[in-house]
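One structure is given below, encoded as structure tokens.
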Amino acid sequence: MKINAETAKGAQWCVKDDPRRLKVGAFMRKWNIDELPQFWNVLKGEMSLVGPRPERPELIAGFKHQIPHYNARHHSKPGMTGWAQVNGLRGDTDLGGANFIL
């Protein structure tokens with residue numbers, strides 16, 4: 001992502017052909033290798049394969065007031081993929097309707 005990509009509008013969700021991304025990021029996404037850096041973190045033991053997906057602090061500040069028990073997810077290692085993805089929910093999903101299992 002470009003430096004200071006979110007300073008004007010604050011934290012934002014990504015969109016198709018996001019203008020904030022760099023060419024290397026677009027290449028990695030196109031060839032489905034954009035998760036390789038996170039896989040290295042799994043091998044080092046800093047992340048798990050399936051667990052709560054890490055989110056930016058700016059968004060967490062709102063989620064913890066909107067989604068019941070949202071902060072409980074921070075008691076386990078973040079995951080390379082999340083419960084929703086493992087269960088077939090991909091793309092734009094409603095975080096408010098999710099049931100988080102720890």
Side-chain angles (χ1 to χ4, degrees):
M1 187 171 286
K2 295 178 182 175
I3 295 175
N4 298 322
E6 296 184 329
T7 55
K9 296 180 182 178
Q12 304 169 38
W13 294 106
C14 63
V15 294
K16 184 176 179 162
D17 299 323
D18 201 320
R20 301 170 296 161
R21 68 183 177 178
L22 298 172
K23 288 182 182 180
V24 67
F27 173 83
M28 291 177 75
R29 176 63 63 117
K30 179 180 178 182
W31 291 97
N32 295 314
I33 58 173
D34 52 321
E35 301 292 345
L36 281 179
Q38 288 184 12
F39 189 64
W40 178 249
N41 292 88
V42 171
L43 293 175
K44 289 177 19 181
E46 297 171 351
M47 292 179 77
S48 61
L49 281 175
V50 179
R53 296 282 297 176
E55 197 50 78
R56 291 169 285 174
E58 301 88 6
L59 297 175
I60 291 172
F63 293 158
K64 68 182 182 182
H65 298 294
Q66 299 168 359
I67 302 169
H69 312 293
Y70 185 81
N71 273 344
R73 66 188 6 236
H74 296 112
H75 294 288
S76 59
K77 284 185 184 179
M80 196 168 143
T81 192
W83 177 89
Q85 291 86 0
V86 169
N87 287 282
L89 303 170
R90 298 191 64 192
D92 295 333
T93 57
D94 176 14
L95 287 174
N99 293 315
F100 298 108
I101 299 172
L102 296 177

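As the structure is a computational prediction, the values presented were derived from the model and not from experiment.
- Residues P37 and N41 come closest through the heavy atom pair O-OD1, 2.9 Å.
- From L59, atom CG reaches atom CD of Q66 across 9.5 Å, with rounding to the nearest 0.5 Å.
- Minimum interatomic distance between M47 and K77 (heavy atoms only, all atoms of both residues): C-CD, 4.3 Å.
- Placement of L49 and W40 within a single hydrophobic cluster is found when ILVMFWY residues are connected by side-chain heavy-atom separations under 4.5 Å, directly or transitively.
- L22 is connected to L36 through a chain of hydrophobic side-chain contacts under 4.5 Å among Ile, Leu, Val, Met, Phe, Trp and Tyr, so both are in one cluster.
- In this structure, NZ on K64 lies 15.5 Å from NE2 on H69, to the nearest 0.5 angstrom.
- For the side-chain contact (heavy atoms from CB on, under 4.5 Å) test, residues two or more places apart in sequence or in another chain that qualify with I60 are E55, Y70, N71, H74.
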